[in-house]
Structures are given as C-alpha cells and as structure tokens.
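Residue numbers begin at 1 in each chain, while the letters A, B, ... track the order of the sequences. These numbers come from a predicted model, not from an experiment.
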2 protein chains.
Amino acid sequence: MELTPRQKRILRAVVENYIETAEPVGSKVITETEGLDVSSATVRNEMAALETLGLLEQPHTSAGRIPSPQGYRLYVNELMEAHRLSMQETTRINEALKLKMQELDRVIDQAGRIVSQFTKYPAFALATGNKRVTIRRFDLLMVEDSAFIVVVLTDSNMVRNKLVRLPGTLNEPQLQLLNTLLNTTFVNLTLEEITPELMRVASHAAGEAYGLISLVVSFAMEVLEELESRSFHTAGITKLLEHPEYKSLDRAQPLINYLSNESDGTYLPSPSQEETKIIIGPENLANELKDTSVVVASYDIGDNMRGIIGVVGPTRMDYARVTARLSYFAEGLSRLFGKGVLPPVEDSKKEE
Amino acid sequence: MELTPRQKRILRAVVENYIETAEPVGSKVITETEGLDVSSATVRNEMAALETLGLLEQPHTSAGRIPSPQGYRLYVNELMEAHRLSMQETTRINEALKLKMQELDRVIDQAGRIVSQFTKYPAFALATGNKRVTIRRFDLLMVEDSAFIVVVLTDSNMVRNKLVRLPGTLNEPQLQLLNTLLNTTFVNLTLEEITPELMRVASHAAGEAYGLISLVVSFAMEVLEELESRSFHTAGITKLLEHPEYKSLDRAQPLINYLSNESDGTYLPSPSQEETKIIIGPENLANELKDTSVVVASYDIGDNMRGIIGVVGPTRMDYARVTARLSYFAEGLSRLFGKGVLPPVEDSKKEE
DNA sequence: TTTAGCACTCGGCCTATCTGAGTGCTAAAG
DNA sequence: CTTTAGCACTCAGATAGGCCGAGTGCTAAA
C-alpha cells in the first residue's frame with residue numbers, strides 16, 4: 001500500500017527531526033517546522049496511521065513518535081535526499097586522502113581513523129584479498145659481510161623488505177648464488193605451494209645454506225600471509241559516547257566491547273557491491289548490533305584486492321551525511337590505489 | 001616524622017583494600033582482613049592520625065577512609081611489595097613480544113595494544129629520536145622499464161622501500177647513474193642538510209633527471225622525518241569504562257577526549273630514566289590527569305632512539321601489578337630492539 | 001595505651017507526589 | 001469524507017521527604 005504524499009512528508013519530518021534531536025517527535029513540532037497547513041490533530045491522525053503501518057513507534061503512550069527500523073528503511077530508500085558535500089568538505093577529504101606511502105595495513109588503519117573523524121561515528125576498515133598473491137621477484141642487497149637486505153616484490157606490486165643479520169659471514173658471490181636460487185625456485189608460488197618446494201630444496205642443500213634459504217623464504221611467506229589475510233581495524237570507538245543513546249553506560253558497554261574485541265568483521269556484508277550499503281538495526285546479523293546501524297562502502301585495492309570501510313552508529317544515524325562522506329572517501333581510496341601502487345609521495349602529518 | 005610500624009601496616013591495608021574494592025575502607029574491615037590484634041577503635045584512632053598527616057582522607061563524615069595522593073605516594077615508595085609475575089604471565093608476555101617484523105611505528109602501536117591488554121588500563125606508546133638520522137645507502141632495483149624500487153638503509157639500520165612509477169621509461173645504465181649520484185651526494189646527510197644539497201644539484205641537472213632525483217630524495221626525506229618524529233599511539237581507551245570511577249560518563253568523557261585527541265605526549269616525563277616511573281594524580285602536569293595516575297617505562301630502540309610506554313588509570317590503580325608487567329614488557333622491548341634490527345622473523349597472529 | 005559503648009552524621013535508596021508534553025477520541029465544522 | 005478544536009487521560013522524569021545503616025569521634029573504664 002502506497003503512502004500519500006502527506007504521509008511521506010510527515011514520515012520524513014519525523015525521521016529528520018529525530019535524527020537531529022534524539023527526542024521523540026510530537027505532532028505539534030511537525031506542524032511548526034514543516035510548512036504544513038494542517039492542524040496538529042490531523043498530523044496526529046496521520047502519525048497513528050503510520051504507526052499501524054509499522055513505520056513509526058511510540059516509546060510510551062504520552063510521548064512523541066520515533067521511526068521504527070522499517071521507517072528508517074523507507075526513509076533511506078525513498079525519502080532521503082542525497083547530501084551534497086560542500087567544497088570545503090571535499091577539499092578536506094581530498095587533503096586527508098594524501099596518505100603517506102606506507103604498508104597497506106597502515107593505510108587502511110588510517111583510512112578508518114579519517115572516516116571516523118569525518119563522520120563522528122566509530123569506523124572500521126578492512127582489506128580482503130580474494131586472489132592468491134605470489135612473489136614476483138627477490139632482491140638481496142649486501143650491507144656488511146654479516147648482514148643483507150631482502151626485498152620482495154609481489155605480483156600485485158607490493159614491496160616489502162627486511163634486514164637480515166647472520167651469525168657468520170657471507171660474500172658477494174654467495175649472495176648472488178642465493179639470489180639466483182630464490183628467483184628460480186620460489187617465484188610465482190602461492191603460500192601453500194612454497195612449503196613443499198622448501199622441503200624439496202632442503203633435501204639436497206647443505207645445512208648452513210638451507211638455514212639461509214629458509215630464513216628468506218619464511219619472510220616471503222610472512223609477506224604473502226599478510227597480504228592475503230583480512231586485517232581488521234577500528235577507530236574512534238569512543239565517539240559513540242558523544243551520542244545521547246549511549247550516555248548510559250549499560251547501553252554503550254556491550255557495543256563497545258563488541259567493537260573492540262570480537263570484531264573480526266564477520267558481521268559485515270561482503271564487499272561485492274559497488275554502491276554504499278546501509279544496514280539498519282535489526283537487519284544486522286550480530287545480536288550486539290541489533291539497535292545499531294552500519295553504513296559500508298567498498299573500494300578497490302589494485303587489481304586483486306578489495307577493501308571495505310564503514311561506520312557504526314545508533315539507528316538514529318545521519319544517513320544522508322554519512323553516506324555522502326563515506327562514498328566520496330571510498331571513491332578517493334579507489335582512485336588512490338587505482339594507480340596499482342601505494343599512494344604518492346606526499347606529506348601530511350595526520351595522527352588521529 | 002616517621003610512621004610507626006602499625007601505622008604503616010594500616011596505611012598499606014587501606015591502600016590495598018581500596019585498590020581492590022574501590023570503596024572507602026572502614027576500621028572494621030581492617031581489623032578483620034589484617035591479622036591485627038587490636039580493636040576497631042584503635043584502628044580508628046590510628047586512621048585519624050594518618051588523616052591529620054595527610055595520608056588518608058574521608059569522602060564524607062560517615063564513610064571509611066581512602067588514600068590521599070600523598071598516601072599513594074608513600075605506599076608506592078615504601079610500602080609496596082614488588083609484584084612477582086607468574087610463569088604463565090611471563091610466557092604470555094614473551095609470546096606477545098614476538099611481534100611481526102614491521103615498520104617501527106606499527107611495532108610501537110602494537111606494543112601499546114599489548115600493554116593495554118596485560119594491564120587492563122589504557123596504554124600509550126611513543127618513540128623519540130634524540131640523535132639525527134641519516135641515510136646510509138640507496139639501492140635502486142629495476143622492475144620494468146617504467147618502474148623501479150627504491151630501498152634506503154639508514155645509519156640506524158632501518159630499511160624502507162617504495163615502488164616508483166614513471167611517466168616515461170628508463171634503462172638500466174640510467175638507473176645505475178642515478179644510483180651512483182644518490183650514493184655519492186645524498187648519503188650521510190641529516191634532514192636539514194639534504195634540502196640545500198638538492199638545490200645545488202637542481203642548478204646543474206637536466207629537468208627530467210632532476211625530477212627523478214627529487215622523487216627519490218623526497219622519499220628519503222620522508223623516511224628520515226618519520227624516524228625522527230615522535231609518533232604517539234594510544235590503545236584500549238575504552239578500558240577506562242570498566243573501572244567504577246568512570247561509570248559516570250561525566251567523569252570519563254573529559255579524560256577520554258583528552259587521551260584520544262590532545263594526546264601528543266606532552267604530559268609525559270622525559271624518558272631519561274631507566275626505571276619505571278609512577279606519577280600519581282595531582283603530580284601530573286596536565287589538568288585532565290589530575291585525578292589519574294600514569295605509570296611509564298622506557299626502552300631502547302637501537303642505538304639512537306628511545307621509546308616510552310605506559311598506562312593511564314585512576315589513582316586507585318594496582319601499582320604493583322601494573323609496574324611489574326610494564327617493566328617486564330619494556331625490558332623485553334629493549335632486548336628485542338637491542339639486536340640493532342627490527343624484531344626476528346616470527347609469526348604471531350595478534351590483532352588488537 | 002587500648003577498648004567497649006554510644007550518640008551522631010550523612011550519602012544512598014526507596015517512595016510519594018507533581019508536572020507537563022503529548023496522545024486518542026469525540027463532536028462539530030468545512 | 002476530511003479537518004479541526006477541545007478535553008480527558010497517560011506516563012516518564014523531576015523533586016522532595018524519610019528511612020537505613022555503615023562508619024565515625026568521643027568518652028570513660030580497663
């Protein structure tokens with residue numbers, strides 16, 4: 001059954017008013033704020049109708065109405081006007097996007113922090129590798145006779161390095177030999193394929209040489225593991241406390257615990273979609289999030305990885321505002337990673 | 001004026017009881033829990049004496065006593081018994097110390113998280129460079145004709161890398177040339193010394209070549225900057241909420257804001273000392289910390305850097321417990337970094 | 001110097017009361 | 001059929017009063 005235009009207008013007024021004030025909305029304020037030429041009694045009748053439709057609810061008999069989850073859903077789907085970012089806002093976000101060149105994990109962590117800053121809600125961020133990563137190339141650089149640097153380059157153009165100290169010494173030719181061995185034997189292998197290869201090499205290599213090889217290879221495996229694993233970050237959890245629904249610690253505590261401990265991202269929708277997704281209250285899978293809303297956006301990291309970034313807040317969340325910022329930011333991240341490389345050389349001292 | 005042994009015993013009982021229960025301690029419970037062969041009236045007299053000495057105070061007339069900051073101070077200095085860690089605890093900490101090889105900044109961040117976990121209080125961690133860092137060596141590794149990897153090694157044996165994409169192409173000899181130039185001109189210079197050198201080179205280099213040079217050099221500068229800057233991390237701020245003194249958000253909010261926003265570590269003691277330092281309530285410089293205690297330990301990072309790690313909590317903090325864990329952990333970090341290199345190749349999936 | 005006893009204090013808790021915002025309903029008006 | 005004015009009703013939250021008991025300080029005796 002379709003709502004009348006007036007009902008839509010009232011529903012929208014209730015939602016937006018409630019989002020702003022966190023107080024149940026009465027019929028009177030609606031007649032005042034909206035330019036409706038009807039009396040409060042009429043609005044009351046309409047609100048009663050909206051309530052029987054399950055779009056509004058009353059905390060108690062003598063209070064105003066608040067939107068039900070279905071009410072929010074309808075609002076989000078049909079009534080919400082896309083929020084336009086101000087120039088100032090977009091430049092601020094663009095500025096924040098000039099992340100320092102860093103390990104992927106840290107970029108993602110920082111992205112979470114930034115989103116939390118811009119939205120005033122707790123944020124989470126993660127990256128998921130869906131394809132297998134392999135090492136494309138090894139490089140060994142001599143430092144002293146007892147130390148060298150390993151540099152590995154993956155097929156997704158991530159670079160990692162490590163300084164290796166040796167108990168004994170090594171000379172340049174030996175290092176070259178090792179280098180060649182690595183680049184012929186351990187290249188283009190996935191994590192699982194490396195182990196048997198290492199076993200095979202072990203069988204016909206001298207003890208000392210093998211120790212060296214396994215040292216470097218296990219570093220490579222560590223890198224592969226890092227890039228394939230889902231790493232999950234949260235930021236700004238304490239921002240929850242600024243919202244009136246969490247003024248009482250009894251409400252806030254379980255959610256905070258959930259976010260800071262259990263959060264492995266299992267409750268999140270898979271990042272298959274391009275658009276920003278809004279999950280309202282009980283639509284969440286996790287029980288702890290049943291009266292919490294989640295807004296998520298996804299972005300591309302190079303060719304074979306994908307990231308998710310989102311915020312968590314009360315169902316009374318400013319969906320329009322959050323969605324706009326989050327989408328814009330996610331797009332920015334895609335662009336950033338789109339170059340196939342980590343972000344450009346840029347300076348920006350942004351810490352928390 | 002020196003306290004009598006009995007007074008010391010009572011003071012200690014009050015402190016430890018209050019640390020455990022967070023409730024003002026009455027004379028009766030002391031006679032019961034301590035094996036003192038005196039009546040509660042005697043204890044009351046002694047407590048009154050301790051109060052006039054400024055070591056105890058009364059929240060209101062009809063309540064028990066709680067320790068004053070001076071009381072805590074005396075307890076910490078003279079009465080507190082060093083807490084011994086259980087085998088289980090030490091192995092757990094040792095396990096946690098097997099941090100993955102990572103950028104310095106992340107190791108420090110993680111260290112903070114771990115300490116917060118072990119102490120149940122919010123933790124902070126930072127590193128300060130006190131000597132100037134310089135680049136010891138550049139290495140350029142060709143990837144494709146339009147991309148190469150820069151690897152820089154600092155005099156403190158930190159290694160950093162970056163993949164550079166070019167708009168145009170480059171061949172091996174050109175790269176060699178660039179490599180030689182870098183290693184002759186931009187090596188062993190501090191951050192400030194690099195800029196004029198770059199200017200000098202700019203004056204007699206072709207435009208395109210200069211672009212390339214400045215790309216690599218600015219990356220090097222970024223690395224130096226990172227290593228010299230104080231980077232500050234906090235973790236586990238929400239753990240505050242688990243302590244009864246912060247059940248009321250009015251108390252918790254300002255402190256949380258302080259810790260999560262302003263915290264640049266300015267309120268921290270300089271890490272000159274070896275031992276663990278305890279700052280009690282009003283001894284803190286920052287107003288926001290006036291009824292909060294801070295315990296800090298410091299550790300060495302290689303030869304020319306130093307880190308601080310510590311926890312923040314109510315003055316009713318379990319000093320013995322916290323100090324033991326923090327000191328042990330800081331020692332572990334020193335050992336870890338003592339090798340002059342980032343931590344060993346080890347796997348441990350510890351997130352949060 | 002210690003102890004038993006006693007009057008006293010005062011924060012926390014529980015209950016009673018009041019207030020007002022907002023409702024639903026009804027009957028009259030458009 | 002829709003809208004409106006009016007009115008009785010409901011109920012959360014704030015305010016005030018009263019009780020309870022833990023813990024104290026003081027005094028007088030051991």
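If you take CD on A:Q7 and CE on A:M47, they are separated by 12.0 Å, rounding to the nearest 0.5 Å.
Around the CD atom of B:E20, the shell of radius 6.0 Å holds no more than 12 heavy atoms that belong to other residues, nucleotides or ligands.
Among D:dG25, C:dG24, C:dG11, the nucleotide with an atom closest to any side-chain atom of A:E51 is C:dG24. Set against D:dT4, C:dC25, C:dA4, the side chain of A:R44 has C:dC25 as its closest nucleotide. Closest to the side chain of B:T42, from the set C:dT3, D:dT24, C:dC10, is C:dT3. Relative to the side chain of A:N45, the nucleotides D:dT4, C:dG11, C:dT3 differ in distance, and D:dT4 lies closest. Proximity note for B:A41 (side chain, C-beta onward) versus D:dT4, C:dT3, D:dG25: the nearest is C:dT3. Of the candidate nucleotides C:dA21, C:dT3, D:dA5, C:dA21 has the atom nearest to the side chain of A:S62.
B:L50 has its CG atom 12 Å from the P atom of D:dT24, to the nearest Å. Per the geometry, CD belonging to A:E32 stands 13 Å off C1' belonging to C:dG22, to the nearest Å. What separates CG of B:D37 from C1' of C:dA4 is a distance of 17 Å, to the nearest Å. Put simply, NE2 on A:H60 is 12 Å from P on C:dG24, counting in whole angstrom units. One can place CD of B:E23 at 14 Å from P of D:dT24, the figure rounded to the nearest angstrom. For the pair A:Q58 CD and D:dC11 C1', the computed distance is 11 Å after rounding to whole Å. When the P atom of C:dG22 is taken as reference, atom CG of A:L56 falls 15 Å away, rounded to whole Å. In this structure, the CZ atom of A:R65 is 12 Å from the P atom of C:dG22, given to the nearest Å.
The main-chain N or O of A:R321 is found under 3.5 Å from a side-chain atom of A:R325 such that the two form a donor-acceptor pair.
Under 4.0 angstrom from either OP1 or OP2 of D:dT4 there lies at least one side-chain N or O belonging to A:S39. Phosphate proximity of D:dT24 to B:S27: present, with a side-chain N or O under 4.0 Å from OP1 or OP2.
For the residue pair B:T31/B:S40, the side-chain donor-acceptor check at 3.5 Å is not satisfied. Inspection of the A:Y328 and A:E89 side chains reveals no N or O donor paired with an N or O acceptor under 3.5 Å.
The residue among A:P59 and A:R6 whose nearest nucleotide of DNA chain D is located toward the 5' end is A:R6.
Ring orientation note: the planes of B:F124 and B:F232 are close to parallel, at an angle under 30° on the 30°/60° scale.
Consecutive Watson-Crick or G-U pairing (both distances under 3.5 Å) extending over three or more pairs maps onto DNA chain D as C:1-30 with D:1-30.
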Practice problem: Using the side-chain contact (heavy atoms from CB on, under 4.5 Å) rule, take B:V322 and B:Y121 through it: C-alpha gap first, then chi angles, then the decisive distance, then the call. | Solution: CA-CA 9 Å; B:V322 169; B:Y121 295 104; 3.5 Å; yes
